[in-house]
Amino acid sequence: MPFSRSLKIAPSLLASDFSQFGAECRAIEAQGADWVHVDVMDGHFVPNLTFGPGICAAIRPHISKIMDVHLMIAPADPYLEAFANAGADVISVHVEAGPHIHRSLQTIRALGAKAGLAINPGTGIEAVDYLLDDIDLINVMTVNPGFGGQTLIPDQIEKVRRLRALIGGRPIHIEIDGGVTLANAAALVAAGADVLVAGSSVFKGGSPANPAPYGANIAALRTAALS
Ligand code: DX5
Ligand code: ZN
């Protein structure tokens, strides 16, 4: 996984057909997805439940590129090894999810995965200051985590700009998660984002049996983001 700041589109499986994860992963990759974003929710840290490492392991053979696992669970530490064993390339943990984020990030790297730090909309960039050498990615939550299909909170774009300046030349991805659309993609990339998670805006109109809309949605997002 060589580092690059070129744009990556990461469809979120949260907006896919849960009865067909394997087929959905194959379809979005064939239609141009760069990463596959996998949202793990525990009904405790966030008010919604999805699935755990067993499902991640089951879908892994259907992903040929990057499996990007976003843990919205607390505590996260007892499960990090299970998600690494499931084949996650990137594991993101929330700074708000426990008292020892530094330890969690070190554990993720020790398990051989890239370490991601997710921050909620109400969390400032100072949360990242003393973790810059310990992370490979910052997931900027641009909605309150828990549900797909929400509207991006506009002031988060300024946060992305400030994070980008803070990161400087370090090889740290800035990932945007929540409410990414054709209308805001360019502003997000201009502010410094290089990974755009997109659930609703990629999966709308398509299915594994009719995957062409996924390709059109991904292409439109890429064009809008780079315009
Ligand atoms: C929200 C998740 C996001 C979400 C994105 O808690 O982390 O990944 O699924 O979905 P959209 O693009 O529909 O906002
Ligand atoms: Zn996510």
Side-chain angles (χ1 to χ4, degrees), residues 7-18 21 24-25 28 31 33-53 55-56 59 63 66-74 76 79 83 88-97 108 113-123 135-154 156-157 159-160 173-189 193-206 213-214 217-218 220-222 224-225:
L7 175 65
K8 275 81 63 184
I9 305 290
S12 164
L13 292 182
L14 193 60
S16 75
D17 178 346
F18 274 37
F21 279 143
E24 292 279 32
C25 290
I28 54 175
Q31 295 293 325
D34 300 294
W35 292 10
V36 178
H37 187 79
V38 183
D39 287 307
V40 176
M41 303 183 184
D42 67 353
H44 164 74
F45 178 67
V46 291
N48 194 7
L49 278 164
T50 54
F51 47 76
I55 295 287
C56 291
I59 67 176
I63 297 173
I66 301 297
M67 184 159 96
D68 173 34
V69 175
H70 177 195
L71 297 182
M72 286 161 274
I73 66 175
Y79 304 101
F83 286 102
D89 296 290
V90 182
I91 300 176
S92 294
V93 286
H94 270 264
V95 69
E96 304 87 359
I108 293 168
K114 298 291 183 193
L117 176 67
I119 58 175
N120 281 337
T123 298
I135 56 178
D136 303 295
L137 175 145
I138 302 172
N139 175 326
V140 181
M141 286 304 308
T142 40
V143 299
N144 285 299
F147 302 96
Q150 303 181 77
T151 302
L152 179 137
I153 300 166
Q156 300 301 304
I157 297 179
K159 186 197 281 187
V160 174
H173 298 289
I174 298 183
E175 174 175 71
I176 308 300
D177 195 2
V180 172
T181 64
L182 296 180
N184 57 33
L188 292 163
V189 169
D194 65 290
V195 186
L196 298 181
V197 173
S200 335
S201 57
V202 164
F203 283 95
K204 68 167 184 273
Y214 297 166
N217 294 338
I218 290 169
L221 207 48
R222 210 185 290 281

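Atoms within a ligand are numbered from 1 in the order they appear, just like the ligands themselves. For this chain, numbers begin at 1 and follow the sequence in order. Quick note: numbers below take in every heavy atom, side chains included, and nothing from hydrogens, waters or symmetry partners.
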Which atom pair, heavy atoms only, marks the closest approach of [X] to [Y]?
| X | Y | result |
| --- | --- | --- |
| Lys159 | Pro121 | NZ-O, 3.3 Å |
| Phe45 | Asn120 | CZ-ND2, 4.1 Å |
| Gly179 | Leu152 | O-CB, 3.6 Å |
| Val69 | Ala88 | CG2-CB, 3.6 Å |
| Ile218 | Ala33 | CD1-N, 3.7 Å |
| Asp34 | Ile9 | OD2-N, 2.8 Å |

Closest N/O/S atom of Asp39 to the Zn ion (ligand 2), by atom name?
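Going by distance to the Zn ion (ligand 2), the closest N, O or S atom in Asp39 is OD1.
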
So which of the N, O or S atoms of His37 lies nearest the Zn ion (ligand 2)?
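Minimum-distance N/O/S atom of His37 relative to the Zn ion (ligand 2) is NE2.
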
Evaluate whether atom OH of Tyr79 has more than 12 neighbouring non-hydrogen atoms of other residues, nucleotides or ligands under 6.0 angstrom away.
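12 or below, so no.
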
Could you list the atoms of ligand 1 found under 4.0 angstrom from a heavy atom of [X]?
| X | result |
| --- | --- |
| Gly149 | 11 (P), 13 (O), 14 (O) |
| His37 | 8 (O) |
| Val197 | 8 (O) |
| Ser12 | 8 (O), 9 (O) |
| Gly178 | 14 (O) |
| His70 | 7 (O) |
| Met72 | 6 (O), 7 (O) |
| Met41 | 6 (O) |

Side chains of [X] and [Y], heavy atoms from C-beta outward: is any pair under 4.5 Å?
| X | Y | result |
| --- | --- | --- |
| Leu196 | Val189 | yes |
| Lys114 | Asp89 | no |
| Leu13 | Phe203 | yes |

Checking a contact table here: which protein heavy atom is nearest [atom], and how many Å away?
| atom | result |
| --- | --- |
| atom 10 (O) of ligand 1 | Gly148 CA, 3.7 Å |
| atom 3 (C) of ligand 1 | Asp177 OD1, 2.8 Å |
| atom 13 (O) of ligand 1 | Ser200 OG, 2.4 Å |
| atom 12 (O) of ligand 1 | Gly199 N, 2.7 Å |
| atom 1 (C) of ligand 1 | Phe147 O, 3.6 Å |
| atom 14 (O) of ligand 1 | Gly179 N, 2.8 Å |
| atom 6 (O) of ligand 1 | Gly146 N, 2.7 Å |

Angular separation of His70 ND1 and Asp177 OD2 about the Zn ion (ligand 2), given to 10°
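About 90°, to the nearest ten degrees.
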
Hey, does Pro145 come in under 3.5 Å of ligand 1, counting only N/O atoms on both sides?
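No; every N/O pair is 3.5 Å or more apart.
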
Geometry only, no angles: is Ala198 polar-contacting ligand 1 at N/O separations under 3.5 Å?
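No, no N or O pair falls under 3.5 Å.
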
Side chains of Glu175 and His173 only: does a donor on one sit below 3.5 Å from an acceptor on the other?
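Note: Glu175 and His173 side chains miss the donor-acceptor criterion.
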
Taking atom types as modelled and ignoring hydrogens, do the side chains of His37 and Asp39 form a donor-acceptor contact shorter than 3.5 angstrom?
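A pair is found: one side chain offers a donor N or O, the other an acceptor, under 3.5 Å apart.
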
